Peer 1: 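The structure that follows is given in the form of structure tokens.
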Amino acid sequence: MSNSLDLPELPAGTTEPAIDLLRGRPNPFESLVRPQRSDDRFADLHVQALLQAPRELLLRVIDAYRVSAYQSASDLRDTRIVTILGDRGSGKTHMLESLGHRTGERSQILIRPTYYATQVPFEEYLLSHLVNALLESDHVHGGKLFEDIAAHLIRRMLQQALRTLGPTDRLFASDLSRWERARLLWGRGEPWSAKFDHLIQDLADKSCKKDLLTLAGHYRFSSDLLMRLLVGHLHRHEAGDDAVRIIRRHLYVAMARNALLKDDDALSRFLEADYTLPNNRPLFRADVVKHLLHALIEICALVRLPVVFAFDNLEGFLAPQSQFDAAATNAFMDSLAQAVDSTRGLLFLIFAESTLFRQVTKQTNQFALDRIRQGVPLHAQGPVDLIELKPPSCEELQQLIRERVGRLLKDFAGSASLPAGYPYTPAFLNGLAQKTGMGLRNRLLLLRDEYSRVVYGRGIEQPVVVEQPDATALLERTWTESLSAADRKLQGALVNQLQALHAGLGGLLQQLARESFEGWQPVSVQATVAVGDHPVYGLVTLVDWQKKPTNGNAGTVRGAIGFLVSKGAGMPRDLKAKFELFRDKTLRVDHLTVLWPRAVEEGDLAAALPEATRQIWTSSRRRRQAVLRSLSNDELRKILAYAEWMEVVRAAAEQPIEEEALRSFIRQRCQAIVQLALPPVPERTTTDGD
Amino acid sequence: METEELLRRERPREAGTISPALQELAPPAWELTDSRGRRVPLSSAGYVLYFGRTYQLRVAGRSALGPPGEARLIGFPTCVAGQPNPQTITKHGREYRVLTLKVHRESGWLSIWRFPYEILKGDLTVECSEAEQNPPRLEWGFPVVARTPWSLGIVLLLAAGAILGWVLGQLESAARSFFTHGPLSVSNFEDWWQTLQTNPRFWLWPLVIAGLSPLIALTSNILSLKRRTRELELRFRRGYSENSTA
């Protein structure tokens, strides 16, 4: 690749109509950075040639995790870490986004965590994100990934279930009248049995695009009957009392409920289930999580979906308050390294700025570094552990200009005769090519300004130097976007968002540390802390509150905040799991605040609890140390939106936003939430609870 | 003391392997035909076999294009006897392993009396082995019910009933004559015989018995088949319980 361009001069008089056309179109270089989350304009802005080599290498790495034939856990690739390094504005986020927009049949589960929970076992953290990724609406392909996987695997399992059904079983599974039953004593069962054969054929036919229920309806099979046959098949073939089989059975039943009965909460209920071994042998939290995670990775492997965790907000994780947190860095890198040893089939991608990553590696111990450098071995290439994004070459830039301007000129008859690099002059492009140290974003800035000058005839505005840019507009815009994203998440089961809720609440309180609310000040916050044995419900946020000094003494109390998000049969277990925090003496918690998402706030909250849950509430030994508070939908969406919003704000801001402005913005919008989290004064405890 | 190798139990399936519920554990394509290649009728009590006839169990290979594996009967009711040396036939371009089965009645002193009512039932269990497949051995079973074909049975029962009815009618006349004319003697045998033959309603008993005997046999058959159907249905409901979907 060369760094200079040999371009012909523009032929005079031939370009005016093209310029006139371009003047009526938007500047194709206006959008300088990709938004943190995908939008509909990706295809308009993406240029295949840009960063093609590193992207193709990354895709090869991901495809190495696609299992062509899965027989056992040993077919899964070892978990590995690949780091993608680049300067700020070098196209990391765009590259990540392009993975989700892969063309052709190949795709992957791309999980992009927006928060990091240091106090939660890493496998639980991974599980929670994987579940959310499976249940979130896919913005590229549409629908939920879990529904697609369930439909695919249940189709396959149903085929097996029907094929193993005995000949007379097929008759008993048919909806027979008395007369038909009488006739079948003599024989003539073949037509009934043949119906099953036809359904099996259609299920096996990969070209048959009809959905499962349509097929079943076509042959007059009810979804309840198919569900029954499938569960019977599962109990016969996936028999056993060990944890793996119990969890697998639950998962497959959840998938069957989703695919056949259109039960959207099936996966959530699977995660909420209490897993007990025969003779009441305990199944520990870590074991349950390990098996749940493996079961989910396995179903992804069965449909050839690599599971990719992409951490593209390392700054947000490791420098949450704009200060590099060495402890968080160590914990994060150690957790990744542990996951390399203890899991299979996962690929971790770390998208990091070169300077930050150097800082991170300095803080990282040898144990973790060894695992980070293991890499993913590729055919004829060897292990890949690092992919560097370099500034674009001249050819790549030329391709970028050709594609973006070409899209605007596609209706222009003489577009073929326009010179390469149009509407830029060769002199400008040669000058740009000489700037070897300049990153992609800055080059795009120059292209934008030059385009504006050449096409619109505008002069290049000199940036006005201000001490601090007004960030309110950015904060406001991103806040509204994040609230909308939270609304979408709230349409699913809330229990899947539990970790995200704690991360949001914790982050929010951390940001407001040293602010005073009714005399209380949050001095230390642990956003997500695992308590008790339940892998889903057992989460709280721990906050150390300091009372404004009176008589010279400043009192400190430690409060735990938990969300009561489960509904139905899971609710008592959910509440019980929160009270289990008092059993852990090392936590030294003084009181528990339970936030119950509820539309109506009036009346006695405890009395409004369902019977079984109320019993847990009233009979708890630590009842006097607990308070139940109602959480409105608006507050809930704000808490859920917070973590993602912070990530977006930090990535979108050209310059770091002043902490004071950020705090003021958060305080203005989230004051009510902080008040809900405040330590209960004794009077409030008795009033709210009894 | 002499030491011995410990006989370890068969290694269980590893927990990490793919769920058997998703694996190809269904039997290969198979069909049960009579000696002329016609499919055996399927009833709710099982495949219907007739005593005295020969049947073929045709088992294809597990892969659609591959040759059939070894097949053998590993479980069968007493009325079914498998013939040794399975053959291989080709039908519609696909090879099948053919197991020949012979169905017979239970032998015994009372078998002649039981023949119209005799219904034998059980499960045929087949094992198919193909070394290159995973798993290499597969087992499956299906219920069969062996009985006399209705057509032949009805004809036989009508004939036997008519004869029995006639004999009964004659015995009734003989008894009546005995009480009217006294014991039978050589001199009055001819008169007595003529009286028996000229009975105006001599057809009544043959007709009644001829009609009743297939009816009784049919009822007995239906009850027996219903009982077997109930057994099989219960087995199905146990395996595929309605409550298990909750």
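Only a predicted model underlies this, so the values are computations on that prediction, with no experimental measurement involved. Here is how names work: the chains are called A, B, and so on, in the same order as the sequence lines, proteins then strands, and each is numbered from 1.
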Peer 1: Is it the backbone or the side chain of Ala173(A) that comes under 4.5 Å from a heavy atom of chain B, or both, or neither?
Peer 2: both

Peer 1: Shortest non-hydrogen contact from Pro20(B) to His237(A)?
Peer 2: CG-O, 3.1 Å

Peer 1: Under 4.5 Å between any side-chain heavy atoms of Arg237(B) and Arg228(A), yes or no?
Peer 2: yes

Peer 1: If you define the side chain from C-beta out and look only at heavy atoms, does anything of Pro167(A) sit under 4.5 Å from Leu42(B)?
Peer 2: yes

Peer 1: Is the count of non-hydrogen atoms from other residues, nucleotides or ligands lying under 6.0 Å from Arg304(A) atom CZ greater than 12?
Peer 2: no

Peer 1: Do Pro41(B) and Glu190(A) have side chains that approach each other closer than 4.5 Å (heavy atoms only, starting at C-beta)?
Peer 2: yes

Peer 1: Under a 4.5 Å cut-off applied to non-hydrogen side-chain atoms, are Tyr252(A) and Leu22(B) in contact?
Peer 2: yes

Peer 1: Quick check on Arg188(A) against chain B: is it the side chain, the backbone, both or neither that has a heavy atom closer than 4.5 Å?
Peer 2: backbone

Peer 1: Under 4.5 Å heavy-atom distance to chain A, tell me which part of Val40(B) shows up: side chain, backbone, both or neither.
Peer 2: backbone

Peer 1: So do Leu232(B) and Phe172(A) actually touch side chain to side chain, heavy atoms under 4.5 Å?
Peer 2: yes

Peer 1: Can you tell which of Gln159(A), Arg170(A), Arg181(A), Arg183(A) has the highest number of heavy-atom pairs within less than 4.5 Å of chain B?
Peer 2: Arg181(A)

Peer 1: Dump the intermediate steps for side chain to side chain contact (heavy atoms under 4.5 Å, CB included) on Leu165(A) and Tyr240(B), then the final yes or no.
Peer 2: CA-CA 10 Å; Leu165(A) 204 61; Tyr240(B) 300 94; 3.4 Å; yes

Peer 1: When you look at CG of Asp175(A), are more than 12 heavy atoms from neighbouring residues, nucleotides or ligands closer to it than 6.0 Å?
Peer 2: no

Peer 1: Quick one: closest heavy-atom pair of Thr17(B) and Glu298(A), and the distance?
Peer 2: O-OE2, 4.2 Å

Peer 1: What's the separation between atom OG1 in Thr168(A) and atom CD in Glu233(B), rounded to the nearest 0.5 Å?
Peer 2: 10.0 Å

Peer 1: For chain A, find its close neighbours in residues 47-59 of chain B: heavy-atom separation under 4.5 Å, sorted by number, or none.
Peer 2: Tyr47(B), Val48(B)

Peer 1: Kindly compute the distance separating OG (Ser19(B)) from CZ (Arg248(A)), expressed to the nearest 0.5 Å.
Peer 2: 5.5 Å

Peer 1: Contact part of Pro143(B) toward chain A, heavy-atom cut-off under 4.5 Å: side chain, backbone, both or neither?
Peer 2: side chain

Peer 1: Quick check on Arg39(B) against chain A: is it the side chain, the backbone, both or neither that has a heavy atom closer than 4.5 Å?
Peer 2: neither

Peer 1: Give, as side chain, backbone, both or neither, the part of Leu185(A) having an atom under 4.5 angstrom from any heavy atom of chain B.
Peer 2: both

Peer 1: Chain B: which of Leu234(A), Thr164(A), Leu184(A) shares the most heavy-atom pairs with it under 4.5 Å?
Peer 2: Leu184(A)

Peer 1: Let me see the working for Trp186(A) and Leu225(B) under side chain to side chain contact (heavy atoms under 4.5 Å, CB included), right down to the final yes or no.
Peer 2: CA-CA 9 Å; Trp186(A) 265 250; Leu225(B) 291 174; 5.6 Å; no

Peer 1: Please round to the nearest 0.5 Å and tell me the distance separating atom CG of Leu25(B) and atom NE2 of His233(A).
Peer 2: 7.0 Å

Peer 1: If the contact rule is any heavy atom under 4.5 Å from chain B, which residues of residues 192-207 of chain A qualify, in numerical order?
Peer 2: Ser193(A)

Peer 1: Considering only heavy atoms, which portion of Leu230(A) lies under 4.5 Å from any heavy atom of chain B: side chain, backbone, both, or neither?
Peer 2: neither

Peer 1: Is there a salt bridge (Lys or Arg N to Asp or Glu O under 4.0 Å) between Glu24(B) and Arg156(A) once you walk through the steps?
Peer 2: CA-CA 10 Å; Glu24(B) 297 276 342; Arg156(A) 187 167 151 187; over 6 Å; no

